[in-house]
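Some notes on the structure that comes next.
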Amino acid sequence: MGKISRRYLLMSAMRRELAVALVYVGLLVLLLIVAPGFYRGGQFRAILVACSPTLIAAIGMTLVILSRNIDISIGSQFSLCGILAGLMAQSGWPMPLVALGSVFVGAVLGAINGGLIAGLGLPSIVVTLATMVIWRESLRWWREGEFVRGLPADFQWFGAGQDVGQWLVIGISVFAAVVFAWALRNLAAGRAVYATGSNPEAAFLAGIRPQRVVFIVFVLMGALCGLAAVLHSVRFAAVDPTAGTGMELQVIAAVVVGGVAISGGRGTLLGAALGVLLLTTIRPALVFLGAEAHWEKAIQGAIILLAVAVDALPRSSAAKR
């Protein structure tokens with residue numbers, strides 16, 4: 001990375017963000033021409049509300065991938081935190097404590113991942129694959145597929161058809177994205193994440209402790225997953241124990257599509273947010289275009305492959321030179 005200037009990396013990130021933005025605009029124009037009904041009935045607000053939990057989780061995944069790691073356990077963490085948030089609300093906990101409780105549980109789960117990865121040096125994909133299965137099967141044994149029902153009105157107010165509550169959910173996710181984007185760009189801690197992902201050995205020589213950075217990143221991933229679970233759960237009358245199934249694919253796809261290099265050290269939260277917006281819009285767009293719903297996962301997989309290939313081309317050309 002020594003020969004690649006900071007200016008080049010910034011321009012590369014801007015090109016990816018611009019490309020994603022143009023693809024999204026092209027999708028909107030296609031819908032305007034082919035399916036104008038897409039623009040009626042508060043569809044955009046519904047998309048933004050649906051985006052919010054994914055965006056929160058994508059913030060954490062961006063940090064993880066920037067540090068040259070991966071977390072495929074977030075779907076299981078999301079489901080577990082959502083169930084616990086529902087049970088806390090059902091027991092009469094006030095909404096702020098429910099949210100804090102879910103964030104705390106997520107942070108603990110993230111700390112388990114981070115401790116195994118940073119403390120023992122185990123590969124992140126192996127650790128998070130194992131914890132994904134452990135959390136998912138434990139939740140299946142515990143709940144046996146049973147939803148959490150009988151949620152109080154103050155829990156559902158934030159998302160169950162309430163205009164103000166829905167805008168609050170959107171506002172929380174946007175605020176979190178702005179804060180973390182600013183921190184990544186302006187704080188030493190943010191630069192440490194980039195340095196760790198770019199070159200852990202050089203980061204260590206510069207006074208950064210890569211293991212500590214990786215541990216903190218996974219704790220933040222878990223905490224943000226807990227917050228995302230709350231923002232998702234408040235939208236429904238009951239909490240589904242399988243709500244996080246497949247979430248890891250959607251979040252990783254959005255982050256990679258947004259220009260965050262899977263090899264670590266490069267990318268921005270703005271790009272990740274654009275990727276979330278694009279992929280979240282695909283599902284309702286397919287419905288209005290009359291396509292089968294199962295195409296969504298196939299499109300996500302194709303987008304991941306395309307994004308990774310596009311990301312690899314400049315580095316491959318530079319290596320040949």
Side-chain angles (χ1 to χ4, degrees), residues 1 4-28 44-45 47-71 74 167 169-198 213 217 220-221 223-225 227-228 231 247 250-282 300 303-304 306-308 310-312 314-315:
M1 186 171 163
I4 303 178
S5 68
R6 182 182 178 89
R7 183 178 178 183
Y8 173 81
L9 291 177
L10 180 61
M11 290 177 63
S12 178
M14 290 176 63
R15 283 198 297 269
R16 174 64 70 84
E17 291 161 2
L18 180 60
V20 176
L22 289 175
V23 170
Y24 187 67
V25 170
L27 176 61
L28 295 181
F44 272 119
R45 185 177 66 184
I47 289 173
L48 292 176
V49 172
C51 271
S52 297
T54 309
L55 176 58
I56 294 291
I59 296 171
M61 188 61 74
T62 299
L63 299 176
V64 168
I65 294 179
L66 283 175
S67 70
R68 199 184 286 189
N69 288 282
I70 196 75
D71 189 347
I74 63 166
W167 285 116
V169 168
I170 295 168
I172 290 171
S173 64
V174 172
F175 176 76
V178 170
V179 169
F180 275 91
W182 178 86
L184 276 174
R185 188 176 180 87
N186 296 285
L187 297 185
R191 292 191 290 272
V193 175
Y194 280 103
T196 298
S198 297
V213 171
V217 158
L220 288 173
M221 173 77 260
L224 288 166
C225 207
L227 178 58
L231 295 183
M247 187 181 188
Q250 184 178 7
V251 173
I252 293 172
V255 171
V256 173
V257 166
V260 180
I262 202 71
S263 56
R266 291 182 290 124
T268 67
L269 267 175
L270 175 58
L274 288 170
V276 169
L277 186 60
L278 173 62
L279 293 186
T280 308
T281 307
I282 286 176
Q300 286 180 358
I303 287 175
I304 291 176
L306 179 61
V308 171
V310 169
D311 180 65
R315 290 185 287 113

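What's counted below: heavy atoms across the whole structure, side chains too, no hydrogens, waters or symmetry copies.
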(message) If I compare all heavy atoms of Leu269 with all of Ala177, which pair ends up nearest, and what's the gap?
(response) CD1-O, 3.9 Å

(request) Examine distances only and state if a side-chain atom of Arg191 and a backbone atom of Leu184 form a donor-acceptor pair shorter than 3.5 Å. (result) no

(request) Among Leu63, Leu66, Val64, find the residue that satisfies the side-chain contact (heavy atoms from CB on, under 4.5 Å) test when tested with Val260. (result) Leu66

(request) Grab the two heavy atoms, one from Met247 and one from Pro53, that are nearest each other, plus how far apart they are. (result) CE-O, 4.0 Å

(request) Supply the atom-to-atom distance Ile282 CD1 to Gln250 CD, rounded to the nearest 0.5 angstrom. (result) 9.5 Å

(request) Work out which heavy atom in Ala272 is nearest to a heavy atom in Thr62; give both atom names and the distance. (result) CB-OG1, 3.4 Å

(message) If I compare all heavy atoms of Ala176 with all of Ile56, which pair ends up nearest, and what's the gap?
(response) CB-CD1, 3.7 Å

(message) For a quick test of reading the model, state the closest non-hydrogen atom pair linking Ser173 to Ser52 and the distance between them.
(response) OG-OG, 3.3 Å

(request) Begin from the C-alpha positions of Phe180 and Leu224 and carry the test side-chain contact (heavy atoms from CB on, under 4.5 Å) through to its verdict. (result) CA-CA 11 Å; Phe180 275 91; Leu224 288 166; 4.1 Å; yes

(request) Look up atom CG in Leu55 and atom CD1 in Ile170, then write down how far apart they are to the nearest 0.5 Å. (result) 11.0 Å

(message) With a 3.5 Å distance limit and no angle check, can you tell me whether Tyr24 reaches the backbone of Ala19 through a side-chain donor-acceptor pair?
(response) no

(request) Answer yes or no: is there a donor N or O on one side and an acceptor on the other, between the side chain of Asn69 and the main chain of Ile65, under 3.5 Å? (result) no

(request) To the nearest 0.5 Å, tell me how far Ile74 CD1 sits from Ile252 CD1. (result) 6.5 Å

(request) Verify side-chain contact (heavy atoms from CB on, under 4.5 Å) between Phe44 and Leu28, making sure each step is shown before the conclusion. (result) CA-CA 11 Å; Phe44 272 119; Leu28 295 181; 3.9 Å; yes

(request) Begin from the C-alpha positions of Arg45 and Trp167 and carry the test side-chain contact (heavy atoms from CB on, under 4.5 Å) through to its verdict. (result) CA-CA 8 Å; Arg45 185 177 66 184; Trp167 285 116; 3.7 Å; yes

(request) Quick one: pull up CG in Leu220 and OG in Ser67 and give me the separation to the nearest 0.5 Å. (result) 10.5 Å

(request) Please lay out, stage by stage, how Ile70 and Ile262 fare under the test side-chain contact (heavy atoms from CB on, under 4.5 Å). (result) CA-CA 8 Å; Ile70 196 75; Ile262 202 71; 4.2 Å; yes

(request) Give a yes or no answer on whether the side chain of Arg68 reaches the backbone of Gly197 with a donor-acceptor pair at less than 3.5 Å. (result) yes

(request) Output the distance between atom OG1 (Thr281) and atom CD1 (Ile47), rounded to the nearest 0.5 Å. (result) 4.5 Å

(message) So, taking the atom named CG in Leu279 and the one named SG in Cys51, what distance separates them when rounded to the nearest 0.5 Å?
(response) 9.0 Å

